Amino acid sequence: MAGYLANYGAGEEQREKLIRRLIVGVVVVVFAGGILYFFLKNFREEQQARNFFELLEKHDYKAAYTMWGCTEATPCRDYSVQNFMDDWGPKSPHADVSSFHIKKSRSCGNGVILTVDYGKGQEADKLWIKRDDLTIGFSPFPGCPPGL
């Protein structure tokens, strides 16, 4: 009978350590996931903007125009190829986009508003990128309106 309660509670400390480690692990994973979500939630849209500016740097205006959801065969109703070239072509204010950087990225409804800074004293533009098809356009809003 002397050994009957000798091992009572044995392993309790190990179980407590395991539970504590699991709780800390879950908290760390949730925290890290939140940080990753915050920084990467607009990654696809930002990458699409970078691709657009790379095409402009290469002077591939035809491919850049298609990223706006338009082609030369089926131009956009309110944004013709000539309008695009006036805004982004070699004689436009944005002829040199080599020093661009995305200043701010903001989710807004079914799209993302990117504030793009070109440096050299140029005024920053706000671009709108739709989430579903990643088409680019000028932002219809100066900021995200309430309710979107």
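Keep in mind that this is a model prediction, so the values were computed, not measured.
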Subject >> Pair S105, N42: side-chain N/O donor-acceptor within cut-off below 3.5 Å >> reply: yes

**OP:** Work out which heavy atom in D117 is nearest to a heavy atom in A124; give both atom names and the distance.
**Re:** CA-CB, 4.2 Å

Subject >> Any side-chain heavy-atom pair of K62 and D60 under 4.5 Å >> reply: yes

Original post:
Is I23 close to V26 at the side-chain level, that is, under 4.5 Å between some pair of heavy atoms?
Top reply: no

Original post:
With a 4.5 Å limit on heavy-atom distance, are the side chains of V116 and K103 in contact?
Top reply: no

**OP:** Can you measure from NZ (K126) to CZ (R106) and round to the nearest 0.5 angstrom?
**Re:** 8.5 Å

Subject >> Residue pair C144 / S107: nearest heavy atoms and the distance that separates them >> reply: SG-O, 4.1 Å

Original post:
Are any non-hydrogen side-chain atoms of Y118 and P93 less than 4.5 angstrom apart?
Top reply: no

Subject >> Beyond-backbone contact of W128 with F138, side-chain heavy atoms, under 4.5 angstrom >> reply: no

Subject >> Neighbour count above 12 (heavy atom, 6.0 Å) for K41 NZ >> reply: yes

**OP:** Evaluate ring-ring contact (aromatic ring centres under 6.0 Å, His included) for F52 paired with W88, printing each intermediate quantity in order.
**Re:** CA-CA 11 Å; F52 173 71; W88 301 103; 5.2 Å; yes

Subject >> Heavy atoms of other groups near E16 CD, more than 12 under 6.0 Å >> reply: yes

Original post:
Would you say the side chain of I19 lies within less than 4.5 Å of the side chain of R15, judging by non-hydrogen atoms?
Top reply: yes

Original post:
Between CZ of F84 and OH of Y65, what distance do you get to the nearest 0.5 Å?
Top reply: 8.5 Å

Original post:
Considering only heavy atoms from C-beta outward, does the side chain of P90 approach that of Y61 to under 4.5 Å?
Top reply: yes

Original post:
Can you list the steps and then say if D87 with S92 is a side chain to side chain contact (heavy atoms under 4.5 Å, CB included)?
Top reply: CA-CA 5 Å; D87 290 336; S92 73; 5.7 Å; no

Original post:
Is the closest side-chain heavy-atom distance between L114 and I129 below 4.5 Å?
Top reply: yes

